[in-house]
Structures are given as C-alpha cells and as structure tokens.
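Notes for the one structure printed next.
Keep in mind it's a predicted model, so treat the numbers as computed, not measured.
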There are 2 protein chains.
Amino acid sequence: MTARTSAESTRDIPEATVARLPVYLRALITLSESGTVTCSSEDLARAAGVNSAKLRKDLSYLGSYGTRGVGYDVDYLRYQIAREIGVTQDWPVVIVGIGNLGHALANYSGFRSRGFRVVALLDADPTRHEEVVAGIDVRPFDDLEQIVRENGVAIGVIATPAIAAQDVADRMVECGISSILNFAATVLAVPAGVDVRKVDLSIELQILAYHEQRKAQADTA
Amino acid sequence: MTARTSAESTRDIPEATVARLPVYLRALITLSESGTVTCSSEDLARAAGVNSAKLRKDLSYLGSYGTRGVGYDVDYLRYQIAREIGVTQDWPVVIVGIGNLGHALANYSGFRSRGFRVVALLDADPTRHEEVVAGIDVRPFDDLEQIVRENGVAIGVIATPAIAAQDVADRMVECGISSILNFAATVLAVPAGVDVRKVDLSIELQILAYHEQRKAQADTA
DNA sequence: AAGAGTTTGTGAACGCGAGAACAAAACGAG
DNA sequence: CTCGTTTTGTTCTCGCGTTCACAAACTCTT
Ligand SMILES: NC(=O)c1ccc[n+]([C@@H]2O[C@H](COP(=O)([O-])OP(=O)(O)OC[C@H]3O[C@@H](n4cnc5c(N)ncnc54)[C@H](O)[C@@H]3O)[C@@H](O)[C@H]2O)c1
Ligand SMILES: NC(=O)c1ccc[n+]([C@@H]2O[C@H](COP(=O)([O-])OP(=O)(O)OC[C@H]3O[C@@H](n4cnc5c(N)ncnc54)[C@H](O)[C@@H]3O)[C@@H](O)[C@H]2O)c1
C-alpha cells in the first residue's frame, strides 16, 4: 500500500507470472532430482510447457538470477522462486468438510511435500468426529477458532457442500483466515483483503465440453 | 477452419467468456430453482460475482437474449447458455486412476447433474479390479480402447500419480479422446487438436501463499 | 399517445500480457 | 587479448480482455 522499505524482493509481480512460478518451481525440482546442475531458459521452458521468452520475462521480475551465455543454476533458481512464493517456510492449513473430497485431500501427500502442513480436519457432522484420517483427528467445526489461534493458520480449504460454503467462509474470516481455497461449486463473498481461489471440476468439464462440441461441429461442416 | 455454413450460433466466443459461462449457468439454475422468472444483468452479475458490464458483454456474444427495460428470462437464458456450452446433451466420461482422488471423483454427484456421465473407471492396479465404486466396476486400463469405442467417449479424466500421467494421456489420445482433464501435477504434451485443462491443488495453494506472504510483509512494514 | 424511467447491447478507451527481436554480458578458443 | 558463440534481460509491438458510457429499445403511467 504505502512505500515499502525498498531493499530487495521486487515489487508487484504480475498475477499471470505468479500463477506460473509454481510450475517453474516444480520443473526445477524435477531437474534437480535428475542431477541437472544448470539449465537454459529453453530447457526450463520446455519442461514447464511455456514459451522461453515468457519464461525469461517472468524470471526477470524476480531479479537477475541467470548468467548470460550459460543459463540458470538449477538449485539456486529453485531456492529463489521458493523464497519468492513463500514456500521456504511451512504454511499451516485447515480443511473443513471431511466427506469424499475432504478424505482425498487429507490423504494427499502433495501438501506436506510442497510446504503446507494440515493442522486440522473439521466437520460439522458429529458422526465424523470418531474418525482419524491420515493420522489426524476429525474435530468439530466449532474448534476452528481455537485451532486457528493456536497454530497461526492463515489458509483454509473448504470441501463442504455448496450450501454450507458461504457460512464456513464467513466463520473462517471471523477467525482471521485470509486465504481460502474453495472446492464447493459456489461463489463466495468475502471482505477486501481476503483472497479466494476456487477449484471447480464442473466448470473445467463444461469448458472442455464447449470446445468438444465445436470440434464436432467443425467436422460435420 | 474453413468458412462455416453461417446460420446461427455466433462464431468464436472469447476464451475468457467461455470460462465464465458455466458460472452464469449455475447462477441461473439457482435463480430458477428459487422461483425467479426474470432477472436483470445486475442481479445475475451479483449472483455470479462479476461486473454487470462484463456479464452483458459476455452474453452479447451468444446473441440478444434479453429485453431492454426488462432483463433476461431466467429459464430461456439458462437454456441458451446450456446449449452454447453443449450441456444439453450428455457427455460420456472415463476416469483413470481410482486412488484417493479417483474415488472422490467417482462419487461426485456433480458429474451427472451437469450433463456428464461416468461410463467407466479404469486402474492399472489389478487389486483394484475387484472393486465397485459408486456402482461402477473398476476395470483394467487396457479396456480403455474398447470403452471409448463403444461409448463414443471424448473426455477423459486423469487421476493417476504424476509419473504415469503422460503415458495415460498418450493412450487416451491414441484411442480418440480429444479432451483431457488432468489432476496429476505434471505438464502434459499432446498433439494439436487435443484440449487439456489441469486442476492443480498445490499451484493454487502456492498462489495463495505468495499473496499471504506479501500481506504479512506489508503488515510489518 | 407521449413522456418518464429502466435496462440492454455495443462502441470506444484503456491496461495487461504474450511474443518477437535485439542489445548486453559471459564464456571459450586461439 | 580479441573475436565468435551462446544465452540472458529488456524493449517494443500487438492483441485480448475489462470497463466505461451511452444510444437504442422496451414498459408503465398519465
Ligand atoms: N467429490 C468430488 O470429487 C468433488 C469434486 C469437485 C467438487 N466437489 C465439491 O466439493 C464439496 C464436497 O464434496 P464431497 O463429495 O466431499 O461431499 P460430501 O457430502 O461427501 O462431504 C461434505 C462434508 O462436509 C460436511 N459439512 C457439511 N456442512 C458443513 C459445515 N457447515 N461445516 C463443516 N462441515 C460441513 C459434511 O458433514 C460432509 O462430511 C462439494 O461442494 C462438491 O460439490 C467435490
Ligand atoms: N488426493 C488428492 O486430494 C489430490 C489432490 C490434488 C491432486 N492430486 C493428484 O492426483 C493424482 C492422484 O492422487 P491420489 O491421491 O488419488 O493417488 P493414489 O496413489 O491414491 O491413486 C493413484 C491411482 O492411480 C493408479 N495408477 C497408477 N498408474 C496407473 C496407470 N499407468 N494407469 C492407470 N492407473 C494407474 C494407481 O493404481 C492408483 O489407484 C496424483 O497425481 C496427485 O498428485 C491428488
């Protein structure tokens, strides 16, 4: 908002770039694990499925971490991107709604391996509270505030039915959560300062269906 | 590609608009179920979480389905959008990889209710083939070709580990599938004419983490 | 029938992102 | 030390998407 203390870490990175940084990070991790020490923007772009000019432009927002005529040091760049995104630290996360999808999410190993730690599973249904999923107790939804306070949770995941999602989001915001990942098929209203991202399977399928239909029409034309 | 037979149905709708049409459709269904007969662009925009000018412009790509001074007939507009997207017909879908996530997807009621029909669940692991999930047998992955041929499947969902995803995608394309929804955390290479959309939980979380980190920095500045 | 009040559909301005193209910088060979 | 090669970082241009603003079109009242 106001003038930052300058120093390092470039100011506003374009949103489109932010969305690609995790892809680059994953490609770098794969390269690193395969023993690659250095890579060119061309190599990395291919691994990430983007244009090399776009890749270089994206990286230039972070700083000059490459060497002309040589390329990028894989581990160094990997660290720089991880730091920029913020995944060098661990982010505590709560998941609300431990049904079909919630179970899958709780069992998802990608959380831990990418800098996120599931600190609690919450569900409104008392019959769920007996359960232990992926080594974590399912607890009553009303425990949310205490859990958020004790663990400093900033990120919440909603996997409840659509009808309950707005209520859950409201409670999350009240408790101080300021980033929400919403799997329920509904539009959430939240105050300014709270980020919401949605993952919507049926929207993705419908987009595919639209293009599929057009292909079919083109064929019969 | 070549000149279409003109007739109705407007040509190329912008991709950004296509991605929002399913949101409008869902909002219209909700309105319709609550007994609303007519709505203004303002009403619908609010329900869909977008700007009303953007909504009107989006709808204008489909045609002129509103009445000035009045608004839109909810059921009529709902049908027009559904037809444009292609969800007035039923789309057969196969899901490959019936692990944690695959189970959740198979049990997801949103498929059927939105014009998609799961015709088969496939897994490479023989120990899974005993199983029946959501009333559907889990079958060997090698049955893919036969299933696609018999059911005219155009859309495939990948829920395998990342390491297997490219192989699965290749096989799908060979069998004639031309739209893929990929849940595995990997970049897929496919020939031109095949659409791929990805749903990537860890990318979404990392984007949230980035913004969360910036908020924290702003607070301490 | 005419005027006041609504609300759509769209032309125009603007800003952001994608990609091409190139200058600057590093390296290695001779 | 100099020149050619490689590859980055950046500038420039173009196209797409968003938003504003308003004329056109419709309803309702008097
Ligand atoms: N299953 C999938 O593959 C899938 C895919 C995409 C989207 N979704 C969406 O994700 C959401 C969850 O789907 P699901 O299949 O797991 O549903 P589900 O019914 O199996 O699970 C929902 C869980 O949320 C709990 N819940 C309900 N109200 C709650 C509240 N107010 N507070 C806390 N918990 C509450 C329920 O007790 C239940 O355990 C739905 O909105 C669905 O549309 C699911
Ligand atoms: N679980 C989640 O909530 C979640 C969330 C986001 C993304 N993902 C991604 O979704 C994918 C699946 O996750 P999961 O937790 O269900 O994993 P999982 O290991 O539980 O299930 C994977 C399934 O795929 C099957 N499989 C493996 N190779 C195959 C092949 N070549 N052909 C057909 N089937 C094959 C396995 O037998 C297994 O049943 C992973 O790529 C994961 O990163 C999972």
Notebook entry, point to check: Rounded to the Å, how far apart are Glu42(A) CD and dT5(D) C1'?
Noted result: 16 Å

Check: Arg56(B) has a side chain; which of dT7(C), dT8(D), dA21(D) sits nearest to it?
Finding: dA21(D)

Note to self: Between Ser41(B) and dT8(C), is there a contact of a side-chain N or O with OP1 or OP2 at under 4.0 Å?
What the structure shows: yes

Item checked: Closest listed nucleotide, where the reference is the side chain of Asn51(B) and the choices are dT19(D), dT8(D), dA20(C) -> dT19(D)

Note to self: With nearest nucleotide decided by heavy atoms, which residue, Arg68(A) or Asp58(A), maps closer to the 5′ end of DNA chain C?
What the structure shows: Asp58(A)

Next item on the list: Return the nearest nucleotide to the side chain of Lys57(B); candidates are dT19(D), dA20(C), dT8(D).
Entry: dT19(D)

Item checked: Tyr72(B)/Tyr65(B) aromatic ring centres below 6.0 Å -> no

Notebook entry, point to check: Quick one: is dT6(C) close enough that its OP1 or OP2 comes under 4.0 Å of any side-chain N or O from Tyr72(B)?
Noted result: no

Item checked: Rounded distance in Å - CG (Leu59(B)) to C1' (dT7(C)) -> 13 Å

Notebook entry, point to check: Should Lys215(A) and Asp195(B) count as an ion pair when the cut-off is N to O under 4.0 Å?
Noted result: yes

Check: Going through the distances and angles, do Arg56(B) and Ser41(B) end up as a side-chain hydrogen bond (donor to acceptor under 3.5 Å, both in side chains)?
Finding: CA-CA 6 Å; Arg56(B) 286 200 301 278; Ser41(B) 64; 3.1 Å; yes

Item checked: Separation of dT8(C) P from Lys54(B) NZ (nearest whole Å) -> 17 Å

Next item on the list: Using whole Å, report how far CD of Glu15(A) lies from C1' of dA18(C).
Entry: 17 Å

Check: Can you check the Asp73(B) CG to dC26(D) C1' distance for me, whole Å?
Finding: 15 Å

Check: What's the closest nucleotide to the Ala16(B) side chain, out of dT18(D), dA26(C), dC20(D)?
Finding: dT18(D)

Notebook entry, point to check: Hey, what do you get for CG (Asp43(B)) to CG (Leu55(B)), rounding to the nearest 0.5 Å?
Noted result: 10.0 Å

Check: Once you round it to whole Å, what is the distance between C1' of dG9(C) and OH of Tyr61(B)?
Finding: 12 Å

Next item on the list: Choose from dA21(D), dC12(D), dT18(D) the nucleotide whose nearest atom is closest to any side-chain atom of Arg20(B).
Entry: dT18(D)

Check: Could you state the CG-P distance from Asp43(B) to dT6(C), rounded to the nearest angstrom?
Finding: 14 Å

Check: Is the closest basic N to carboxylate O distance between Asp200(B) and Arg26(A) below 4.0 Å?
Finding: yes

Notebook entry, point to check: Tell me: CG of Leu55(A) to P of dA20(C), nearest whole Å?
Noted result: 14 Å

